[in-house]
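For reference, the structure discussed in these notes is given below.
All heavy atoms count here, side chains included; hydrogens, waters and symmetry mates do not.
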Amino acid sequence: MNRKVSFFNFSLNNILSKDQSLLDQAKIRLLYYGFWIVGVAVFGLFISVYFQRQALLTATAGILLVSLLVLFKSLTYRANWRQISHAVLIIATIINLNNIFIAMQKVDIITVQVILLVILFSFYMIGQRWGLFYSLLNLVPVMVFLLISYKGNYSIALRPESVDQSTIIISIFANFILIIYIHSHFYGAFLNNIRELKENGEKQVELNSELELAIEKAEKSSMIKSEFLATMSHEIRTPLNAIIGMSNVMLMAKPRPDQVENLDVLKFSANNLMAIVNDVLDFNKIEAGKVVFEKIKFNLVEVIENICGLEKIKAEQKGLEFSVKIDQLLSEKILIGDPTRLGQILFNLISNAIKFTKTGNIWIKASFHENQDTNITVNFVVKDTGIGIDQRNLESIFEPFTQESITTTRQYGGTGMGLAIVKRLLELQGLQMYVTSKVGRGSEFSFSMDFPVASAADEVEDKSLLNAGEYLGNLKMLIAEDNPVNVLLMKKLLSKWKIKPVIANNGQHVIEIAKESDFDIILMDLQMPVMNGFDAAMEIRKLPDQRKALTPIIALTAAALYDIKAQVLKAGMNDYVSKPFKPEELLEKIQNLVAAVH
């Protein structure tokens with residue numbers, strides 16, 4: 001119902017609702033107006049049989065009249081048409097059988113009409129199964145009565161009553177009116193229902209067209225967003241590459257202690273900016289479901305110490321006690337996993353802990369237990385004595401671009417993406433974040449992660465790889481890079497490994513140089529004038545000289561879109577490094593590719 005109705009309601013409009021289907025509304029209307037028609041007819045019959053002094057029929061008509069009033073009131077109060085329909089059919093069946101076997105003791109045209117009414121009403125109102133039930137409930141006893149009467153065996157002590165012609169006329173007329181009314185009413189209702197279905201179908205077609213347009217717009221919007229992110233990534237990462245790269249080069253030159261401190265601050269600030277850029281780009285990757293987790297060997301203690309070393313400076317600047325507790329046995333194990341994603345998770349949690357803690361302590365803990373000989377489970381805990389989180393907001397803090405409140409955002413800053421990224425990265429690995437927090441007392445974030453343990457042979461191989469940098473002096477390297485700052489950076493960095501590269505300032509220049517000379521490896525920037533790195537790589541792969549055509553190519557890209565690796569491999573390049581890159585990462589990839597060719 002569209003509103004709560006009073007017990008004294010008699011209006012049809014008050015019991016109809018837009019939530020009801022057209023057929024349900026039609027059934028309620030049929031009952032409402034049908035009660036008026038039947039009521040008038042039964043009242044006329046009651047008067048007729050009363051003056052004929054037919055006691056049994058008068059009582060039957062009176063009971064029927066009262067029943068109709070009760071059902072009508074029930075309909076206008078609660079509008080439970082299904083239960084009322086069952087009640088009407090039960091009453092009709094009882095009265096019909098009473099007339100056949102007791103009151104009239106015969107089957108006449110009125111009996112046939114009543115059976116037809118029961119059949120029509122039951123099928124239309126409450127469906128096929130109940131329609132069949134009530135139809136048989138009325139028809140079978142009538143057939144039994146006819147068979148018994150045909151053999152002349154039916155007789156009871158009560159004398160049958162008879163009615164005059166006027167009563168018969170009233171009954172027949174009323175029954176025909178009801179039969180016509182039921183047919184007409186439901187015929188109209190079915191037509192309206194078919195019309196509504198047709199209109200809904202047409203609307204559905206229109207909605208589908210609008211949905212297709214919306215999807216197309218969304219795809220275009222997503223493409224524009226991806227292109228925008230690619231452009232912004234390139235524009236931001238290019239100067240950051242120079243800042244972080246030069247910091248690394250200067251730190252490798254054994255600077256004075258005071259210079260080291262200045263360079264650390266410079267590098268720390270650049271890395272902070274890079275973390276914000278990465279948050280935006282990584283969230284785009286995660287939402288697109290394109291995150292691929294690496295399985296490489298790494299030392300967990302080094303990962304944690306590198307992150308904590310940077311974050312400790314921020315904590316000490318705020319006057320916070322910064323405590324790191326790592327299970328000592330972890331330093332003796334080389335694990336296999338994705339240190340970058342793990343570092344991203346820990347960085348966001350530790351950074352948040354420091355950001356939202358004014359006074360007190362920050363605790364970072366890593367402990368483990370061995371599952372098998374080749375696997376361990378590490379439990380990570382980041383705890384603080386910060387502002388805490390209201391229990392009602394524990395779920396919302398993991399939503400993207402969300403912090404606990406606007407006040408929190410204004411007071412503490414941040415993009416609101418850190419915890420969203422942490423949660424998504426854990427969920428993609430089938431892991432769960434656990435949070436306990438009290439407002440004004442602090443918070444604790446914890447999660448567990450399984451890692452395979454590298455064998456001793458793998459560890460020896462890794463150490464030999466990292467020490468191979470001093471033997472790269474004879475390596476012939478071609479670099480495609482159009483940015484003068486990046487060219488200077490690469491030359492300074494490679495000079496530390498005694499490599500003297502050949503420089504090409506665009507893709508076409510790379511192809512020309514590659515045709516003339518042999519190189520052990522090519523470092524290819526992707527965005528260059530004249531010809532980009534993708535096209536240049538594909539042209540190199542088409543060179544007739546197979547040695548030149550198979551030269552290993554590493555893409556250097558400031559873009560960090562989720563499909564960049566697929567694009568790089570499709571163009572025929574062997575691997576890629578995102579700017580700003582870690583020197584040791586580039587060195588390892590160079591060594592691996594050169595070793596594979598030779």
Side-chain angles (χ1 to χ4, degrees), residues 1-46 59-99 113-141 174-175 177-197 200:
M1 279 179 284
N2 55 357
R3 65 180 72 89
K4 186 175 181 181
V5 298
S6 165
F7 177 77
F8 298 101
N9 171 64
F10 290 98
S11 171
L12 175 63
N13 292 332
N14 289 339
I15 59 175
L16 293 177
S17 169
K18 292 180 181 179
D19 297 333
Q20 299 160 342
S21 67
L22 279 178
L23 284 179
D24 285 352
Q25 292 182 18
K27 291 172 181 178
I28 292 173
R29 286 193 178 94
L30 175 70
L31 286 171
Y32 184 86
Y33 292 114
F35 280 137
W36 282 103
I37 296 171
V38 175
V40 171
V42 171
F43 181 75
L45 289 173
F46 174 80
T60 302
I63 294 171
L64 180 56
L65 196 58
V66 172
S67 299
L68 289 172
L69 289 172
V70 172
L71 291 175
F72 180 75
K73 181 65 259 169
S74 177
L75 177 70
T76 56
Y77 181 50
R78 285 290 177 259
N80 194 332
W81 59 265
R82 190 175 296 276
Q83 291 181 3
I84 293 171
S85 298
H86 280 287
V88 168
L89 289 165
I90 291 169
I91 292 170
T93 300
I94 292 172
I95 291 175
N96 191 37
L97 297 181
N98 173 68
N99 286 339
Q113 285 182 319
V114 172
I115 293 175
L116 285 174
L117 281 170
V118 168
I119 292 172
L120 289 173
F121 187 84
S122 60
F123 272 95
Y124 279 138
M125 291 295 292
I126 51 180
Q128 183 180 18
R129 184 166 60 89
W130 284 109
L132 186 62
F133 171 77
Y134 284 111
S135 298
L136 293 176
L137 190 61
N138 282 265
L139 187 58
V140 170
N175 286 338
I177 291 295
L178 282 172
I179 291 171
I180 293 169
Y181 173 66
I182 292 173
H183 265 303
S184 173
H185 185 81
F186 275 107
Y187 180 77
F190 288 143
L191 283 180
N192 289 335
N193 196 48
I194 291 169
R195 190 179 299 113
E196 184 184 49
L197 288 173
N200 287 341

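If you take CG on Leu132 and CG on Leu139, they are separated by 10.5 Å, rounding to the nearest 0.5 Å. The CG atom of Leu178 sits 10.0 Å away from the CZ atom of Phe121 when rounded to the nearest 0.5 Å. In this structure, Asn175 CG and Ile37 CD1 are separated by 11.5 Å, a value rounded to the nearest 0.5 Å. Between atom CZ of residue Phe133 and atom CD of residue Gln128 there is a gap of 15.0 Å, rounded to the nearest 0.5 Å. From Leu120, atom CG reaches atom NE2 of His185 across 13.5 Å, with rounding to the nearest 0.5 Å. In this structure, the separation between CH2 on Trp81 and CG on Leu31 is 9.0 Å, given to the nearest 0.5 Å.
For the pair Ile15 and Leu75, the tightest heavy-atom approach, listed with the atom from each and the gap, is CD1-O, 3.6 Å. Minimum interatomic distance between Val42 and Ala61 (heavy atoms only, all atoms of both residues): CG1-O, 3.5 Å. Smallest separation of non-hydrogen atoms from Leu89 and Ser122: CD1-CB, 3.7 Å. Considering every non-hydrogen atom in both Lys73 and Phe7, the closest pair reads NZ-O, 2.5 Å. Ser85 and Ile126 make their closest contact through CB-CG2, 3.9 Å (heavy atoms, listed as atom of the first residue, atom of the second, distance).
Using a 4.5 Å heavy-atom threshold, the side chains of Val114 and Ile95 count as separate. Contact of the Asn96 side chain with the Val118 side chain is not registered, since no non-hydrogen atoms from C-beta on lie closer than 4.5 Å. The side-chain heavy atoms of Ile91 and Leu71, taken from C-beta on, include a pair separated by under 4.5 Å. Annotation: side chain of Met125 is not in contact with side chain of Val88 (no heavy-atom distance under 4.5 Å). Between Leu12 and Ile28 the shortest side-chain heavy-atom distance falls below 4.5 Å.
Looking at residues two or more places apart in sequence or on another chain, you find no side-chain hydrogen bond (donor to acceptor under 3.5 Å, both in side chains) involving Gln25.
Residue Tyr124 forms a ring-ring contact (aromatic ring centres under 6.0 Å, His included) with just one option from Phe186, Trp130, Tyr187, and that option is Phe186.
No side-chain donor-acceptor contact under 3.5 Å links Ser184 to the backbone of Ile180. Using a distance-only test at 3.5 Å, with no hydrogens or angles considered, a donor-acceptor pair links the side chain of Asn138 to the main chain of Tyr134. Counting only distance, with no hydrogens or angles, the side chain of Tyr32 and the backbone of Phe10 share a donor-acceptor pair below 3.5 Å. Of the possible polar contacts, none joining the Asn98 side chain to the Ile94 backbone as a donor-acceptor pair under 3.5 Å is found.
Looking only at atom types and distance, the side chain of Asn9 has no donor-acceptor partner in the side chain of Thr76 under 3.5 Å away.
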>> Show, in sequence, the C-alpha distance, side-chain angles and deciding distance for Leu23 and Phe190, and conclude whether the side-chain contact (heavy atoms from CB on, under 4.5 Å) test is met.
In response: CA-CA 7 Å; Leu23 284 179; Phe190 288 143; 3.6 Å; yes

>> If you apply the rule ring-ring contact (aromatic ring centres under 6.0 Å, His included), what do you find for Phe8 with Tyr77, and how did you get there?
In response: CA-CA 8 Å; Phe8 298 101; Tyr77 181 50; 9.1 Å; no

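Residue Phe43 qualifies as open at atom CZ: its count of foreign heavy atoms under 6.0 Å is 12 or below. The local environment of CD in Glu196 is crowded, with over 12 non-hydrogen atoms from other residues, nucleotides or ligands closer than 6.0 Å.
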